[in-house]
Number of protein chains: 2
Amino acid sequence: MLSQKRHKNILHQYGLKVTSARLRVLDTLMRSNIALSHADILSKIRDIQLDKVTLYRTLDAFVKSGLAHKVATEDRNWLYALDLSEHGDTVHRNHTHFICDYCDRVYCLPVSPQVGIPDSSSVEGFEVRSHEFRLHGTCPQCH
Amino acid sequence: MLSQKRHKNILHQYGLKVTSARLRVLDTLMRSNIALSHADILSKIRDIQLDKVTLYRTLDAFVKSGLAHKVATEDRNWLYALDLSEHGDTVHRNHTHFICDYCDRVYCLPVSPQVGIPDSSSVEGFEVRSHEFRLHGTCPQCH
DNA sequence: TTATCATTTGCAACTAAGTTGCATTTTTAT
DNA sequence: ATAAAAATGCAACTTAGTTGCAAATGATAA
């Protein structure tokens with residue numbers, strides 16, 4: 001783990017107390033380019049003690065504060081990914097998720113600007129406020 | 001329940017044995033314009049005995065045969081909806097689901113043709129095979 | 001730095017959703 | 001009508017996630 005400075009800063013920014021558990025979970029999510037499940041994260045953190053309940057609560061806190069978001073997968077799992085861009089600022093409410101049908105990895109892609117969103121009028125009586133685009137197929141690793 | 005003829009026909013069409021449980025579940029799904037959860041369906045079927053395990057297996061069978069599809073919701077539930085159009089033929093692999101943020105109902109909308117799908121080239125290394133569009137907002141009932 | 005208070009953590013017990021195995025019943029094909 | 005195959009119901013079980021609470025830790029202000 002590099003300089004914790006940045007990590008601590010991020011936690012502060014989102015109004016979260018700095019604890020070793022949170023730093024570790026944040027670091028784990030930052031190192032991953034795919035969304036991770038509770039089980040994924042737990043298995044990656046072996047050097048410090050981390051109770052499953054603490055992890056559940058940590059992830060909830062991340063989501064509630066807006067630091068991360070969660071995706072419900074087809075197999076009824078929750079995957080977590082940070083809402084940070086490379087520059088540390090908050091991203092999109094609207095997401096594009098890519099789900100690999102071979103390895104089940106979920107990637108959070110930047111919303112492709114050329115994707116048209118159906119406007120409210122196109123769907124009678126439904127007022128669209130945000131959207132999530134889920135793409136299924138083969139990811140680069142499984143090619 | 002109307003003429004069971006049509007119901008039986010559908011089950012046959014999808015290679016499913018005709019049983020009272022399946023007819024009842026099929027009917028329940030046909031009467032609904034929203035996707036239903038295991039619990040929803042169970043609570044709607046009170047006149048005949050229907051074990052929770054049977055319902056799980058029935059829904060699995062529907063999905064496996066292609067008669068229905070399931071949607072994982074944000075709250076880690078599974079909702080089921082038939083893949084039948086009004087005319088009884090199979091629809092789209094690609095879905096648009098509308099999730100109401102007030103009542104949590106999930107509607108399966110016909111894919112709006114004006115919605116652009118990002119092609120493979122737009123997402124480097126990711127081969128897109130199918131997609132699901134999730135719209136969030138307010139449904140007609142909650143307006 | 002230290003004392004204080006609020007928050008977070010870990011543990012154990014609990015809850016609820018979903019699964020498995022198996023004996024019985026129902027359906028379909030002969 | 002009968003036999004084989006599949007579906008059903010039940011009980012026991014598994015597992016993910018939750019709750020309550022006592023102990024530990026982090027933030028704040030003297």
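Just so it is clear, the structure is predicted and the values come from calculations on it, not from any experiment. Letters go in sequence order (proteins before strands), and every chain restarts at 1.
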Within this structure, what is the [atom1]-to-[atom2] distance between [X] and [N], rounded to whole angstrom?
X	N	atom1	atom2	value
His12(B)	dA29(C)	NE2	P	7 Å
Tyr56(A)	dT18(D)	OH	C1'	9 Å
Leu23(B)	dT27(C)	CG	P	9 Å
Asn77(A)	dT15(D)	CG	C1'	12 Å
Leu59(B)	dT8(D)	CG	P	11 Å
Leu55(A)	dG17(D)	CG	C1'	12 Å
Leu11(A)	dT25(D)	CG	C1'	15 Å
Lys8(B)	dT28(C)	NZ	C1'	13 Å

| task | On DNA chain C, check which nucleotide each of Arg76(B) and Leu16(B) is closest to and give me the residue with the more 5' one. | result | Arg76(B)

| Gln49(B) side-chain N/O to dT8(D) phosphate OP1/OP2 under 4.0 Å | no

| query | To the nearest 0.5 Å, what is the distance between CG (Leu26(B)) and CZ (Phe62(B))? | reply | 5.0 Å

Output the single nucleotide from [options] whose closest atom is nearest the side chain of [X].
X	options	result
Lys17(A)	dT8(C), dG10(C), dT19(C)	dT8(C)
Thr19(A)	dT18(D), dT9(C), dG9(D)	dT9(C)
Arg22(B)	dG10(C), dA11(D), dT8(D)	dT8(D)

| Base, sugar-phosphate alone, or nothing: which one does Ala61(A) contact when heavy atoms must sit under 4.0 Å apart? | nothing

| request: For Ala21(A), report the nucleic acid contact type (base, sugar-phosphate, nothing); a contact means any heavy atom under 4.0 Å. | output: sugar-phosphate

| What are the two closest non-hydrogen atoms of Leu23(B) and Leu11(B), and how far apart are they? | CD2-CD1, 3.8 Å

| query | Out of Val25(B), Ile41(B), Val106(B), Leu79(B), which residue meets the side chain to side chain contact (heavy atoms under 4.5 Å, CB included) rule with Leu36(B)? | reply | Ile41(B)

| request: Taking the six-membered ring for Trp and the full ring for Phe, Tyr or His, determine whether the centres of Tyr56(A) and His38(A) are under 6.0 Å apart. | output: yes

| query | Do His7(B) and His12(B) make the cut of ring centroids closer than 6.0 angstrom? | reply | no

| said: When you measure only distances, ignoring hydrogens and angles, does the side chain of Lys52(A) come within 3.5 Å of the base of dG10(C) through a donor and an acceptor? | reply: no

| Pair of N/O donor and acceptor under 3.5 Å linking dG10(C) base with Arg57(A) side chain | yes

